[in-house]
Amino acid sequence: MSELKSKFMEVYTILKAELLNDPAFEFTDVSRQWVDRMLDYNVPGGKLNRGLSVIDSYKLLKEGKELSEEEIFLTSALGWCIEWLQAYFLVLDDIMDNSVTRRGQPCWFRVPKVGLIAVNDGIMLRNHIPRILKKHFRGKAYYVDLLDLFNEVEFQTASGQMIDLITTIEGEKDLSKYSLPLHHRIVQYKTAYYSFYLPVACALLMAGENLDNHIDVKNILIEMGTYFQVQDDYLDCFGHPDVIGKIGTDIEDFKCSWLVVKALELATEEQKKLLHENYGKADEASVNKVKELYNVLDLEGVFTDYESKSYQKLISSIEAHPSNAVQAVLKSFLAKIYKRQK
């Protein structure tokens, strides 16, 4: 894995150098340094799971055949396009949420002298993706499908973010709007498409597959993405900040979190009242009251039960797929996230 990761990082260096010398723009030394620093701060700092998954998935689709240098480079480049997309979303998301830290360091917009220039940096990150695709995939039969895929997934993610944001508008905080179907919709669009479906779809296109023939794969990956986000909601409250790399703020931010939706389902009228009064308030006392209620309702136990049922359901769906190679791709994805701690 470490060899794969170092190869992957080498490709980042190549792509970055190409972007910093893009002939479509005349860089000054200052602007080139800015973009260079901005990329290093925001793109390669995460776990890189989404990007590396393109290479893993493609390898499994090739059923153990040795990948050529070109295949390794191209799968890595597609992986980096997803990491660029992720960076674009996170830079803007942190501004919208007024977040403090990301990946264990200050959010980009909180870095001295950056501020709201970060909005344009987000737009730059988004625009780098078609530059990379054009340079390295323009001659490929699946080039248009790739562009289409990235555009579609970006639209779905932005729409999911919109539902999430308009559900939490200041001054219109109404917990009674929150339900499992709403949570599922937000998660499906905001997270599952770009984090789960996109890496596998990239690998399928490179392997010469038609995505229209793989709707069942898409559905399984969306389910997996939902399970992943429920884990995320759980870790936001019950995970340790040192392990997950950020301080959870879902309660303060009035998020439509799986935990609050479950709490509303299980609570007595009295407990619901407590939730309505304290959820979405930034003071420590209110947050602690919500957390105490989560403990009283044993949401840790409820989550453990949900986790094992989701896992069983996903395994059954995967094993029903006719292709062993596709099964291997989906199982490797599931193995990466099952019972994760961060």
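The figures that follow rest on heavy atoms only: side chains count, while hydrogens, waters and symmetry mates do not. Residue numbers run from 1 in the order of the sequence given.
- Salt bridge status for E70 with K140: present, with a side-chain N to carboxylate O gap under 4.0 Å.
- Checking each of E270, H276, E277 against K273 for a side-chain hydrogen bond (donor to acceptor under 3.5 Å, both in side chains) leaves exactly one that passes, namely E277.
- For the pair E223 and K313, the salt-bridge criterion is met [side-chain N within less than 4.0 Å of a carboxylate O].
- Annotation for L116: atom CG does not count as buried by contact number, only 12 or fewer foreign heavy atoms lying within 6.0 Å.
- For E154 and R126, the salt-bridge test passes: some basic side-chain N is under 4.0 Å from an acidic carboxylate O.
- A pairwise comparison of heavy atoms in S57 and F333 identifies OG-CE1, 3.8 Å as the closest pair.
- Under the rule for a salt bridge (charged side-chain N to carboxylate O under 4.0 Å, His left out), D298 has no partner lying at least two apart in sequence or in another chain.
- Within a 6.0 Å radius of NZ in K135, no more than 12 heavy atoms belonging to other residues, nucleotides or ligands are found.
- Y58 contributes atom OH, which lies 12.0 Å from atom OG of S76 (distance to the nearest 0.5 angstrom).
- Hydrophobic clustering of Ile, Leu, Val, Met, Phe, Trp and Tyr side chains at less than 4.5 Å, counting indirect connections, keeps I215 apart from V200.
- In this structure, V114 and F109 approach most closely via the heavy-atom pair CG1-CA, 4.2 Å.
- With values rounded to the nearest 0.5 angstrom, E269 atom CD is found 13.0 Å from L274 atom CG.
- Between V43 and R103, the shortest heavy-atom contact is O-NH1, 3.9 Å.
- Hydrophobic clustering of Ile, Leu, Val, Met, Phe, Trp and Tyr side chains at less than 4.5 Å, counting indirect connections, unites L61 with L4.
- With contacts defined as side-chain heavy-atom distances shorter than 4.5 Å, the pair L133/L78 qualifies.
- A salt bridge links K16 to D40: one of the charged nitrogens lies within less than 4.0 Å of a carboxylate oxygen.
- The main-chain N or O of G104 is never found under 3.5 Å from a side-chain atom of T101 such that the two would form a donor-acceptor pair.
- A donor and an acceptor atom, one from each side chain of N42 and R37, are nowhere located under 3.5 Å apart.
- If you check the side chains of K59 and T75, you find no donor sitting under 3.5 Å from an acceptor.
- The shortest non-hydrogen separation linking I251 to Y279 is CA-CE1, 3.8 Å.
- Without hydrogens or angle criteria, D94 side chain to S99 main chain gives no donor-acceptor distance under 3.5 Å.
- A donor-acceptor pair under 3.5 Å links the side-chain atoms of N21 to the main chain of A17, judged by distance alone.
- Judged by distance alone, the side chain of Q188 and the main-chain N or O of R185 form no donor-acceptor pair under 3.5 Å.
- Ionic pairing of R32 and D36 is not present here: no N-O contact between side-chain nitrogen and carboxylate oxygen is shorter than 4.0 angstrom.
- H183 and D233 are linked by a side-chain donor-acceptor pair at a separation below 3.5 angstrom, with hydrogens and angles left out of the test.
- Note: F137 and Y143 fail the aromatic proximity criterion, with ring centroids not under 6.0 Å apart.
- A 4.5 Å side-chain heavy-atom check between L20 and V35 finds at least one atom pair inside the cut-off.
- A 4.5 Å side-chain heavy-atom check between W258 and V187 finds every atom pair outside the cut-off.
- Among all heavy-atom pairs drawn from A263 and Y294, the shortest one is CB-CE2, 3.8 Å.
- Counting heavy atoms from C-beta outward, W80 and M9 have side chains that approach closer than 4.5 Å.
- Of the inter-residue distances, the one linking Y88 atom OH with D93 atom CG reads 11.5 Å to the nearest 0.5 angstrom.
- For the residue pair D174/S176, the side-chain donor-acceptor check at 3.5 Å is satisfied.
- Taking the side chain as every heavy atom from C-beta outward, F8 and L48 approach each other to under 4.5 Å.
- Between F254 and Y178, the ring-plane angle classifies as tilted under the 30° and 60° cut-offs.
- With sequence neighbours left out, D148 forms a salt bridge (charged side-chain N to carboxylate O under 4.0 Å, His left out) with no residue at all.
- Note on L90: it does not cluster hydrophobically with L125, by side-chain heavy-atom contacts below 4.5 Å among ILVMFWY residues.
- Between W84 and H128, the ring planes are perpendicular. Angles over 60° get that label, and only those under 30° would be called parallel.
- A side-chain donor from one of S286 and D283 sits under 3.5 Å from a side-chain acceptor of the other.
- Considering CD of E152 and CG of L211, their distance stands at 10.0 Å, rounded to 0.5 Å.
- E300 and Y234 are linked by a side-chain donor-acceptor pair at a separation below 3.5 angstrom, with hydrogens and angles left out of the test.
- Atoms NZ and CD, from K272 and E265 in turn, are 9.5 Å apart once rounded to the nearest 0.5 Å.
- When only modelled atom types and interatomic distance are considered, Y194 and Q156 share no side-chain donor-acceptor pair under 3.5 Å.
- Under the 4.0 Å criterion applied to side-chain N and carboxylate O atoms, D97 and K255 are assigned as salt-bridge partners.
- In this structure, F25 places its CZ atom where more than 12 heavy-atom neighbours from other residues, nucleotides or ligands lie under 6.0 Å away.
- When every heavy atom of V54 is checked against every heavy atom of C202, the shortest pair comes out as CG1-CB, 4.1 Å.
- L198 CG to I82 CD1: the interatomic distance, rounded to the nearest 0.5 Å, is 4.0 Å.
- Residues L221 and V217 are in side-chain contact: their nearest non-hydrogen atoms beyond the backbone lie under 4.5 Å apart.
- Atom CZ of R110 sits in a crowded spot, with more than 12 heavy atoms from other residues, nucleotides or ligands closer than 6.0 Å.
- Inter-residue side-chain proximity for E252 and K281 is flagged as unmet; no heavy-atom pair is nearer than 4.5 Å.
- Using a 4.0 Å cut-off between charged side-chain N and carboxylate O, E319 and K331 make a salt bridge.
- In the hydrophobic clustering of this structure, V100 does not group with V287; members are Ile, Leu, Val, Met, Phe, Trp, Tyr whose side-chain heavy atoms approach within less than 4.5 Å, directly or through other members.
- Ring geometry, H321 versus H214: the interplanar angle falls under 30°, so the pair is classed parallel (tilted spans 30 to 60°).
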* To do: Kindly indicate, with the supporting measurements, whether the criterion side-chain hydrogen bond (donor to acceptor under 3.5 Å, both in side chains) is fulfilled by D121 and W34.
  => CA-CA 10 Å; D121 289 333; W34 180 278; 3.0 Å; yes
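- The hydrophobic cluster containing V296 does not contain L266, counting ILVMFWY residues as joined when their side-chain heavy atoms lie under 4.5 angstrom apart, directly or transitively.
- I163 is not listed as a side-chain neighbour of K190, based on a closest heavy-atom distance of 4.5 Å or more.
- A side-chain donor from one of Q231 and Y227 sits under 3.5 Å from a side-chain acceptor of the other.
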